[in-house]
Amino acid sequence: MKLPLDFYLRRNVVTIAKQLLGKGLFTKIDGQITGGMIVETEAYSYKEKGCHAHNGMTKRNEIMFADGGVAYVYLCYGIHHLFNVVTNNKDIPHAILVRALEPLKGIEGMLLRTNKEKLDFSLTKGPGNVSKALGIQTKHTGISLLSKELYIADDGTNYTNKQIVASPRIGVDYAGKDAELKYRFYIKGNLYVSGKSK
DNA sequence: CGACCGATCGTCT
DNA sequence: GACGATCGGTCGA
């Protein structure tokens, strides 16, 4: 079952970021489904400096100002396509960066996209790797998360606060004080969470 | 291990 | 013209 639109339209981006843990993120490209379970997310709100939309709308972040339930994909460092979930209602730019998955489906296809020989933790660990493995690119910006090509599924898995770790976000030093916000969430002990042993 | 570095380009100032 | 919501490799201790 795909997550319903209502899921994304709620106000509290932190709540949604936590609830996305355990959900399935999949793409269907050229008839092949690839994807896995979300194990790590980061919340971004226009109210804090870490967020691309903090200083208002630009060409790049325009889609964050749309109603939730769509994808925001942008190019980072000229190399990596980073995938975000847009949440909240029109004109209230919130987004959730998906930082890591546990591979579930189409592993062969994901290995091909990433030029890997066999499955290891690096396949879908880290936001750049997630997008590469699933074939997500900036052209997918604006696509509905209930679409056929790109969607988030709910198999009923929910994690409790006890199983979720909150920590500061990665790579947002430029946000000053807001870099300290514990807006990064991951499933405790999951081996695909970024930043641990390779 | 940790620190550093190169790749690579669209976006914003 | 500078700089990333990154990654993987290399180098030195």
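Keep in mind that this is a model prediction, so the values were computed, not measured. The chains referred to below are lettered A, B, ... by the order of the sequence lines, with proteins before strands, and numbering in each begins at 1.
From A/Cys51, atom SG reaches atom CG of A/Asn61 across 7.5 Å, with rounding to the nearest 0.5 Å.
Listed by first and then second residue, the side chain to side chain donor-acceptor pair (under 3.5 Å) pairs involving residues 71-80 of chain A are A/His52-A/Tyr72 (not counting sequence neighbours). The list of salt bridge (Lys or Arg N to Asp or Glu O under 4.0 Å) pairs with a residue in residues 137-150 of chain A, not counting sequence neighbours, is empty. Among residues at least two apart or in separate chains, there is no salt bridge (Lys or Arg N to Asp or Glu O under 4.0 Å) pair with a member in residues 68-94 of chain A. Listed by first and then second residue, the salt bridge (Lys or Arg N to Asp or Glu O under 4.0 Å) pairs that reach into residues 27-50 of chain A are A/Glu40-A/Arg99, A/Glu40-A/Arg184, A/Glu42-A/Arg99, A/Glu48-A/Arg169, sequence neighbours excluded. Every pair tested for salt bridge (Lys or Arg N to Asp or Glu O under 4.0 Å) that includes a residue from residues 59-81 of chain A fails, sequence neighbours excluded, so the list is empty.
For the segment residues 34-63 of chain A, residues with any heavy atom less than 4.0 angstrom from an atom of DNA chain C are, sorted by number, A/Tyr44, A/Gly50, A/His52. For DNA chain C, the residues of residues 94-112 of chain A within the heavy-atom distance limit of 4.0 Å (strictly under) are A/Leu97, A/Arg99, sorted by number.
The side chain of A/Tyr174 places no N or O atom within less than 4.0 Å of a non-bridging phosphate oxygen (OP1 or OP2) of C/dG4.
Whole-Å rounding puts the A/His81 NE2 to C/dC7 C1' distance at 14 Å. The separation between A/Tyr74 atom OH and B/dC12 atom P is 12 Å, rounded to whole Å. When the P atom of C/dC7 is taken as reference, atom CZ of A/Phe83 falls 16 Å away, rounded to whole Å. In this structure, A/Arg169 places its CZ atom 11 Å from P of C/dT6, rounding to the nearest Å. Atoms CG (A/Asp120) and P (C/dG9) sit 10 Å apart, rounded to a whole Å.
Take A/Glu180 and apply the side-chain hydrogen bond (donor to acceptor under 3.5 Å, both in side chains) test, not counting sequence neighbours, and it matches no residue. Scored by the side-chain hydrogen bond (donor to acceptor under 3.5 Å, both in side chains) test, A/Thr141 finds no partners at all (sequence neighbours excluded).
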Every protein N/O within reach of nucleotides 4-9 of chain B N/O, cut-off under 3.5 Å:
{"unit_1": "B/dT8", "atom_1": "O2", "unit_2": "A/Tyr77", "atom_2": "O", "d": "2.3"}

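Judged by the 6.0 Å distance and 45° axis criteria, A/Lys125 is not positioned over the aromatic ring of A/Tyr192.
A donor-acceptor contact under 3.5 angstrom links the side chains of A/Asn190 and A/Glu102, judged on distance only. Using a 3.5 Å distance cut-off with no hydrogens or angles, the side chains of A/Arg113 and A/Thr34 do pair a donor with an acceptor.
Other residues sharing a hydrophobic cluster with A/Tyr46 under the 4.5 Å side-chain heavy-atom criterion for ILVMFWY residues are A/Ile92.
Comparing the P positions of B/dT13 and C/dA5 gives a spacing of 13 Å, expressed to the nearest Å.
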Report task. State the dot-bracket string of DNA chain B. Criteria: Watson-Crick or G-U wobble, both atom distances under 3.5 angstrom; notation: ( ) intrastrand, [ ] crossing earlier pairs, | interstrand, . unpaired. Result -> |||||||.||||.
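As judged by a 4.0 angstrom heavy-atom cut-off over every strand, A/Asn129 is placed among residues touching the sugar-phosphate backbone only.
In this structure, the side chains of A/Gln137 and A/Val73 stay at 4.5 Å or more apart for every pair of heavy atoms.
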